[in-house]
Amino acid sequence: MARALRRSRMRCEGINVLPYDGEVAFQTVFHFHPHVIPRHPGDGWTLKAGSPERERSLLDSDAQAIKDAIASTD
């Protein structure tokens, strides 16, 4: 997708791909539904994150929980 967008007549210099999964993540279409946004310098589109930083120990714990879940998936 990225290669096609960069080669297209849009000639974008970057791409944001934003999947939403679950109602609390603002999903309104309940199947895989990513937003693909071609980006250009000065296009005025921004992402403003308002989430607080998490402590390293919490991030490490989350990463381990994900690794454990992947390892247990058959």
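One-based numbering along the sequence shown.
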Exercise answer: donor-acceptor pairs, residues 17-36 side-chain atoms, under 3.5 Å, sequence neighbours excluded:
from: Gln27; atom 1: OE1; to: Gly22; atom 2: N; distance (Å): 2.5
from: Gln27; atom 1: NE2; to: Val29; atom 2: O; distance (Å): 2.8
from: Gln27; atom 1: NE2; to: His31; atom 2: O; distance (Å): 3.3

Rounded to the nearest 0.5 Å, what separation is found between the [atom1] atom of [X] and the [atom2] atom of [Y]?
| X | Y | atom1 | atom2 | result |
| --- | --- | --- | --- | --- |
| Arg3 | Ile15 | CZ | CD1 | 11.0 Å |
| Thr46 | Asn16 | OG1 | CG | 10.0 Å |
| His40 | Met10 | NE2 | CE | 7.5 Å |

Going by salt bridge (Lys or Arg N to Asp or Glu O under 4.0 Å), name the pairs with one or both residues in residues 27-41, residues two or more places apart or in two chains. Arg39-Asp43
Restricting to salt bridge (charged side-chain N to carboxylate O under 4.0 Å, His left out), what partner residues turn up for Arg6, sequence neighbours left out? none
Which residues pass the salt bridge (charged side-chain N to carboxylate O under 4.0 Å, His left out) test with Asp60, sequence neighbours left out? Arg56
Suppose we screen for side-chain contact (heavy atoms from CB on, under 4.5 Å). Which residues come up paired with Glu55, at least two apart in sequence or across chains? Ser57, Leu58
Gln64: what forms a side chain to side chain donor-acceptor pair (under 3.5 Å) with it, not counting sequence neighbours? Asp68
